[in-house]
Every structure is written in structure tokens, then in C-alpha cells.
Number of protein chains: 2
Amino acid sequence: MEQQRISDQIAESLMAKIAEGELKPGERLPAERALASRLGVSRPSLREAIQKLNSKGLLETRRGGGTYIREGIEPSFVDPLLAILKELPESRFDVLEIRHALEGSAAYYAALRSSESDKANIRRKFETMIGKHGIGDPMDEARADAEFHLSIVEASHNLVLLHVMRGLFTLLMSSISHNLEKLYTLPRVFQPLSNQHRRLMEAVLEGDPERARQAAQAHLTFVEESLQQIFRQLASNREHLRELN
Amino acid sequence: MEQQRISDQIAESLMAKIAEGELKPGERLPAERALASRLGVSRPSLREAIQKLNSKGLLETRRGGGTYIREGIEPSFVDPLLAILKELPESRFDVLEIRHALEGSAAYYAALRSSESDKANIRRKFETMIGKHGIGDPMDEARADAEFHLSIVEASHNLVLLHVMRGLFTLLMSSISHNLEKLYTLPRVFQPLSNQHRRLMEAVLEGDPERARQAAQAHLTFVEESLQQIFRQLASNREHLRELN
DNA sequence: CTTTTTAAATTGGTAATACCAATACTCGGA
DNA sequence: TCCGAGTATTGGTATTACCAATTTAAAAAG
């Protein structure tokens with residue numbers, strides 16, 4: 001009675017992989033023949049599954065080119081927001097407030113649920129983030145920072161949370177990208193940041209939920225205050241310029 | 001130059017025939033082999049078209065039986081993320097975990113920042129929610145419940161938070177709609193819910209951030225546990241049915 | 001050495017065929 | 001008239017082959 005079409009099973013499994021982030025938007029799917037043999041199914045069955053996802057708008061197929069995962073899946077939460085943020089710069093801190101609430105929980109559940117591979121991934125992202133510092137590309141460093149935080153969110157094994165956080169990061173990146181370098185180049189800001197990241201990671205790796213939550217919240221409080229200072233400074237600079245006119 | 005897949009052409013033609021009434025709901029489609037040869041296409045191509053319409057909910061296929069045109073015409077969801085998460089039942093509790101983290105903050109900031117009109121709006125939504133109880137439409141009651149919570153989020157004056165929460169509510173509604181009535185019809189569940197709502201509202205109206213946060217979190221904890229119980233009970237019911245076979 | 005051209009490899013699209021499994025139907029027997 | 005077994009029908013899956021568009025890389029021209 002539990003007889004499910006295998007094309008449905010395939011479609012479900014692919015959707016799960018997209019939802020879990022194993023397959024990222026814009027990425028290319030393996031060729032049909034290769035994927036079919038890897039999944040141990042026939043090519044027609046795989047194609048039926050692909051057509052379904054295609055009609056749902058999750059995939060995009062170009063004849064002779066390949067099958068790609070459609071972009072614009074995350075913006076379902078974010079899309080209307082980009083317009084808002086352009087009109088209302090103050091809402092930058094709205095994003096930080098939400099991160100403050102969410103990252104604490106993410107760290108908490110990550111400490112509880114993370115598998116060994118999750119932990120290895122977090123460590124790897126931490127190392128690359130450290131390695132990016134001082135090379136001179138603040139945007140690259142910011143991306144590595146975001147990926148470190150997202151690796152913790154992934155380890156929380158909450159798919160909805162992962163999607164929301166991804167949306168928030170793209171939002172944050174696009175709204176304060178020009179001010180990010182300040183956050184990474186000032187030594188008296190970077191050193192505490194690095195320490196906070198390390199404490200957060202260690203709490204998660206050791207499986208201490210409460211400490212992880214506190215570490216995440218302390219980190220976000222610091223980021224929030226640092227950005228506040230930077231923006232205040234910029235504002236006062238603008239004031240000075242205005243006086244000079 | 002814009003070459004269309006013939007499976008798409010078939011799907012389109014079938015949809016047109018359904019729309020024009022040439023194929024009526026409940027009616028049976030010709031057998032795949034017959035229809036394929038009548039349309040002059042191969043069976044795999046026809047099958048791909050059928051799978052697409054199948055995943056859109058327009059057709060219903062029974063192995064060995066035949067393919068029928070579905071009676072109920074449901075509004076098809078366009079949101080890809082929604083489509084994904086609807087297929088993953090675990091995501092229900094993912095949403096609740098996030099609400100747990102976010103609604104506490106929303107209540108906190110609402111207590112700090114709400115204007116007089118915000119407070120009036122919250123009161124109004126609370127009254128309508130109470131008024132809906134016992135009339136017999138659980139879905140309507142659930143909607144009023146959601147609007148009450150959203151009125152508090154609005155009062156937090158965080159636009160990004162408002163958008164995220166709206167998305168989460170539609171997700172929650174669509175994923176547990178069939179189980180919602182249990183949450184509102186059982187008296188021993190409704191009474192505590194109502195009290196929690198009142199305490200949350202009072203804390204916000206009186207401008208007590210910490211109490212508001214605690215009230216929101218206590219409420220979510222209760223909802224989470226109640227839904228866990230309901231789902232566990234449903235699962236055990238299914239077990240019993242299975243034993244009877 | 002760079003640019004352009006061309007040919008081969010890769011990839012999705014379609015078709016034909018065979019066989020399996022579940023269902024529907026028919027016909028014979030009670 | 002009803003019921004049950006057998007058969008035909010129907011959807012599900014796999015295999016194979018070939019076509020068409022694209023991509024890639026090698027080769028040729030500058």
C-alpha cells in the first residue's frame with residue numbers, strides 16, 4: 001500500500017537535498033545518465049522526477065547544456081525586503097536584531113544535534129575565515145564570516161532556520177557591503193571578533209548548549225554596537241561636511 | 001528558435017482541454033499507449049507530461065487503474081520554498097523553534113516601542129480572537145490567532161521581522177491546517193492558551209519587556225508541547241489501525 | 001602568441017520495446 | 001444470482017538507440 005512511484009521518491013530526495021543546502025541554487029545537476037546510474041534508477045524515471053521539479057519551478061533545463069537549480073528560491077522570504085531596505089536604511093539594524101534572536105537558538109540546537117561531519121565542517125569554515133584575514137579583501141572575509149555562521153545553522157538541523165538565515169545574510173551583505181571593511185580592518189574590532197568566534201565554536205563542538213547560546217548572543221551584541229559606532233561616525237562625518245559647505 | 005519540449009506541449013494541450021471542458025473532472029483519460037499513439041508521440045514523452053500535471057494536482061493516477069482528472073481544483077502554490085517544506089513534515093517543528101526564538105524578541109521590542117495606535121490594534125485583534133472561539137470554524141480561529149501575534153510583531157517596529165514572521169505563519173498554516181482544530185476545540189488546551197495570550201498582551205500594553213518575552217516564550221513552549229502530544233497521539237492511532245489489519 | 005574556426009565529446013530530448021505489478025473485467029461454476 | 005479464478009488491460013520501470021543543441025578543446029589561421 002505504501003507503493004510510491006520511484007520518480008516521486010527521486011523528486012522528494014532532490015527537494016530534500018536542495019532544502020538541506022547540499023545542492024545550492026545556481027549549481028549544476030549531474031548529467032542525467034550519470035545521476036541515474038548513481039541513484040540506481042533508469043533514465044526515464046529520473047527524467048519524470050526532473051520534469052516534476054521543473055514544472056514546480058525548482059529546476060531549469062537547457063537542452064545540451066545541463067540542468068540547473070533555479071536561483072531565487074531564497075528570495076521568497078527576502079524579495080520584497082530588498083526594496084524596503086533600499087528605501088529605509090535604518091532597517092539594517094532590524095536584520096541584526098533578528099540575528100540576535102535566531103543565532104542564539106541556532107547555536108543552542110547545533111550544540112545539541114551536530115554530527116561529527118557537522119563539527120568538522122564548522123572547524124573547516126573557521127580556519128578558512130581566519131586565513132582570509134589581513135589579505136586585503138574585506139568582502140571575501142565577510143563572506144567567509146557568513147559561511148562560518150551558516151555552518152553552525154546547518155548543524156542545528158533546522159531547515160527552515162537555514163533558509164531564513166541565508167536570506168538574512170544576503171540581505172545584510174547587500175545593504176552594508178560598503179561598511180563591512182571597517183568591521184574587519186580595524187584591529188581593535190577584529191581581535192574581539194575572532195575571540196568571540198572561537199568561543200562560539202568551542203561551545204558548539206563541546207556540546208554545551210547554554211554556553212553556545214550565550215556566546216552567540218555576546219557576539220551579536222558586539223557586532224551590533226560596533227556597527228552602531230561606525231554608522232554614528234559616518235553620520236557625524238556627514239554633518240561636518242555639511243557644515244563646511 | 002524557441003523550441004519547446006513536446007512534453008510541455010502535451011501538458012499544455014491537456015490543460016487547455018480541461019479548461020475548455022472537453023475533459024471533465026472525474027473523467028478517465030485514455031490509456032497511455034492509446035493516447036500516445038493518437039497524439040503521435042512516444043509513451044515516455046506522454047508520461048513526462050502526465051507527471052507534470054500530476055505534480056500540479058490536476059491529474060490522479062492509479063496503477064493498473066488509469067489516469068483520472070481530479071475533482072477538486074486547488075489553488076496551486078507558486079512559492080517554491082513552500083512547495084519544498086510542505087513535503088517535509090518535520091519542518092513543522094522547525095517553524096515552531098524559530099517562532100520560539102523570534103516571538104520573544106518581538107514581544108520584548110513591542111513592549112519597548114509600541115505606540116498608542118499599536119496598542120489599540122493589539123487589543124482589537126485580541127477581542128476578535130476571543131470572539132471567534134466556539135463558533136465552530138477552527139481555521140478561522142487559527143487565522144485570528146495568527147493576526148493577534150502579527151499585531152504584536154508589527155508593534156515591534158521591525159519590518160524585516162514582520163516579513164519573516166508572515167512567511168512563517170503561512171508556512172505553519174499550510175503544514176498543520178488539518179491538525180489545527182484539535183488545538184482549539186479541546187477545552188483543556190484552549191483555556192491555558194487564552195490565559196497565555198492575555199498575559200502576553202498585558203505585558204506588552206504595560207511596557208514590561210522582560211515579562212513580555214517570558215510570556216511569549218511560555219506560550220510557544222506550551223503550543224510546541226501540545227502539538228507534539230497531538231502528533232504522537234495520531235501516530236499511535238495509526239499504529240493501532242495497523243495492528244488491526 | 002592570440003584569435004578564430006572547426007570538430008569531437010557531452011548533454012538533454014525523443015522514441016521503441018520489453019517486462020513487471022496492480023487493477024479491472026469476464027466468464028464459468030456454485 | 002452471486003462469487004471466484006483467470007485473463008486482459010493499464011500504469012510503472014528499465015534498456016537501448018538515436019537525434020539535436022551545447023559545450024569544450026583542439027587545430028588552424030592571423
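Just so it is clear, the structure is predicted and the values come from calculations on it, not from any experiment. Throughout, protein chains are lettered first and strands after them, A, B, ... in sequence-line order, and every chain is numbered starting at 1.
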If each of Thr67(B) and Arg62(A) is mapped to the nucleotide of DNA chain D with the nearest heavy atom, which maps nearer the 5' terminus, i.e. the 5' end?
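On the 5' side of the pair lies Thr67(B).
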If you measure from the Lys or Arg side-chain nitrogens to the Asp or Glu carboxylate oxygens, is any gap between Lys52(B) and Asp8(B) under 4.0 Å?
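Salt bridge present between Lys52(B) and Asp8(B).
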[X] side chain: which of [options] is closest?
X	options	result
Pro44(B)	dT10(D), dA15(C), dG12(C)	dA15(C)
Arg47(A)	dA14(D), dG13(C), dT10(D)	dG13(C)
Ser42(B)	dT13(D), dG12(C), dA15(C)	dA15(C)
Gln51(A)	dG12(D), dG13(C), dT14(C)	dG13(C)

Under 4.0 Å: is that the gap between some side-chain N or O of Ser45(B) and OP1 or OP2 of dA15(C)?
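Looking at the OP1 and OP2 atoms of dA15(C), one of them is under 4.0 Å from a side-chain N or O of Ser45(B).
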Check whether any side-chain N or O of Arg33(A) sits under 4.0 Å from OP1 or OP2 of dT11(C), and answer yes or no.
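Checking dT11(C) against Arg33(A), no side-chain N or O comes under 4.0 Å of OP1 or OP2.
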Does CZ in Arg198(A) sit with more than 12 non-hydrogen atoms of other residues, nucleotides or ligands closer than 6.0 Å?
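Atom CZ in Arg198(A) is not packed in, count stays at 12 or less.
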Any donor-acceptor pair under 3.5 Å joining the side chain of Arg5(A) to the base of dG11(D)?
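Side chain to base: no pair present.
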Atom OG in Ser55(B), atom CD in Gln51(A): separation rounded to 0.5 Å?
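Ser55(B) atom OG to Gln51(A) atom CD measures 10.0 Å (nearest 0.5 Å).
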Fit a plane to each ring of His197(A) and His219(A), take the angle between them on a 0 to 90° scale, and name the class: parallel (under 30°), tilted (30 to 60°) or perpendicular (over 60°).
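The arrangement is tilted - the two ring planes meet at 30° to 60°.
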Determine the contact category for Ile50(B): base if any of its heavy atoms lies under 4.0 Å from a base atom, sugar-phosphate if only primed atoms, P, OP1 or OP2 are that close, otherwise nothing.
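No contact at all - Ile50(B) keeps every heavy atom at 4.0 Å or more from the nucleic acid.
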Distance check needed: dA9(C) C1' versus Arg63(A) CZ, whole Å only.
17 Å
Let me know the distance between CD of Glu32(B) and P of dT17(C), rounded to the nearest Å.
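It is 17 Å, rounded to the nearest whole Å.
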